[in-house]
Number of protein chains: 2
Amino acid sequence: MRDTRAELLSQAETLVRGRGYAGFSYADLAEAVGIRKASIHHHFPTKVDLGAALVAAYADRYDAALATIRIDVPDGPGRIAAYGQLYLGGVEQGLGCLCAALAIEGEALPERLRGDIAAFFEGHLAWLEAVLRAGQADGSVRAGQEPAVLARYVIATLEGALLMERLFASPAAFSGTLAVLVEGLRA
Amino acid sequence: MRDTRAELLSQAETLVRGRGYAGFSYADLAEAVGIRKASIHHHFPTKVDLGAALVAAYADRYDAALATIRIDVPDGPGRIAAYGQLYLGGVEQGLGCLCAALAIEGEALPERLRGDIAAFFEGHLAWLEAVLRAGQADGSVRAGQEPAVLARYVIATLEGALLMERLFASPAAFSGTLAVLVEGLRA
DNA sequence: TATTGCCTACCATTAAGTAGGTAGATCTTT
DNA sequence: AAAGATCTACCTACTTAATGGTAGGCAATA
């Protein structure tokens, strides 16, 4: 079984992260995968189905990475730094965040996808909040601010840095922002 | 007399900030303004012309606000806080940053627009760098980090917060992130 | 035999953009 | 000031290409 479905998901992700959800078509995807346009509908009946599958796969990959970081890295700032490294790959490849690309379309986005990306961000927020709370408890993260508030601040900084530094094709600048962020969180 | 053109720019800005550049059409804009689709071409021959005019008008409005902040607010952190307030309006209205909406489309975006939005961000970066450098000189902003690096960090945090908090329709959360950002910059 | 995966050939709709025209304002020339 | 010419802002009525999606067929597989 040569996995066309997986190839479709992979290429579609690249397209959405590179040009936005409204900015790519089934024709583009068909050409990228080397299949006919109508055949995509066999795997993903509608574009919304494809979008939802894309977000699910993306979220799963992140979830796995997040779990690994929690095991491999012991301290709060180190975990945030490792989390930030996940975004760096996007800058290097010239690809934005999938969920940011979808979020930008706001009201034009199908309701179902809006819920999916909200859940994506909420998952990250919950993970960051737990990491920051643990960091404050073990003294590695500076105290005095609500972990929930800090979590939003962290994800905002990284999403924004990815958005801007992709435009400037500057992984170095992204790393600079990540360093400022992590240093500021140190106790 | 120039009323229609201004109305077109205003409505088009709302559409782009609400649904992205690829996510709105001349038909949408025509309906919003109450004019025929073909008449838009009289004012803006192509969609790229409209996009460029949009960015120019948006940048001009920001430039005026930036100049005012420099006059009205004396200290570094206060100026950054006032700068952040400019973004808050977008969260409250459910509108993202125009240039973020364009930046997301990346490679699919007409070359000309890409240059325009890069210039937009570079202008903000230069203003922030000058503000932060002056703040470090007068002791209101914490020293030890390059103003240019801090400037990128500031704009990333605010762009990211606008992106995410618009999705959650949470001006309060945006303000929380802004507060963390500004406190971290204090000397 | 039934299902899977892909195909060709279509469909209705919408996209940006064009052609050409009209009513009214404004400028130019006498 | 009158007459004509030109310009502005909009219109209806297209074109061409692309959009997401459908119908039905066919060969390989389970």
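Computed over heavy atoms, backbone and side chain alike; hydrogens, waters and symmetry mates excluded. Labels below follow one simple rule: chain letters A, B, ... track the order of the sequence lines, proteins then strands, and each chain is numbered from 1.
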Problem set entry | B:Arg186: partners by salt bridge (charged side-chain N to carboxylate O under 4.0 Å, His left out), with sequence neighbours left out |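 Salt bridge (charged side-chain N to carboxylate O under 4.0 Å, His left out) check on B:Arg186 returns B:Glu183.
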
For this session: Go along nucleotides 11-29 of chain D 5' to 3' and tag each nucleotide: B for a protein heavy atom under 4.0 Å from its base, S when only backbone or sugar atoms are that close, - otherwise.
Result: BBB-----SBBB-------

Exercise. OP1 or OP2 of C:dC6 sitting under 4.0 Å from any side-chain N/O of A:His42?
Worked result: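 So the side chain of A:His42 is outside the cut-off, no N or O lying under 4.0 Å from OP1 or OP2 of C:dC6.
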
Exercise. How close or far is atom C1' of C:dA16 from atom CG of B:Leu29, stated in whole angstroms?
Worked result: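 Those two atoms, CG and C1', are 13 Å apart.
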
Exercise. Quick one: A:His43 NE2 to C:dT4 C1', roughly how many Å, whole number?
Worked result: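 Atom NE2 in A:His43 sits about 9 Å away from atom C1' in C:dT4.
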
For this session: Sequence neighbours left out, what passes ring-ring contact (aromatic ring centres under 6.0 Å, His included) with B:Tyr87? Give chain and number order.
Result: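 With neighbours one apart ignored, the set is B:Tyr83.
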
For this session: Can you sort out the partners of B:Phe120 under ring-ring contact (aromatic ring centres under 6.0 Å, His included), two or more places apart, ordered by chain and number?
Result: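 If we apply the ring-ring contact (aromatic ring centres under 6.0 Å, His included) test to B:Phe120, skipping adjacent residues, the hits are B:Tyr58, B:Tyr62, B:His124.
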
For this session: Scan residues 33-56 of chain B for pairs that pass salt bridge (Lys or Arg N to Asp or Glu O under 4.0 Å), counting only residues two or more places apart or in two chains.
Result: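 As it turns out, the salt bridge (Lys or Arg N to Asp or Glu O under 4.0 Å) pairs with a partner in residues 33-56 of chain B, which skip direct neighbours, are B:Asp49-B:Arg112.
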
Exercise. Taking the hydrophobic residues Ile, Leu, Val, Met, Phe, Trp and Tyr, and joining any pair whose side-chain heavy atoms are under 4.5 Å apart, which ones share a cluster with B:Leu163?
Worked result: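 B:Leu163 clusters with A:Ile104, A:Leu163, B:Ile104.
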
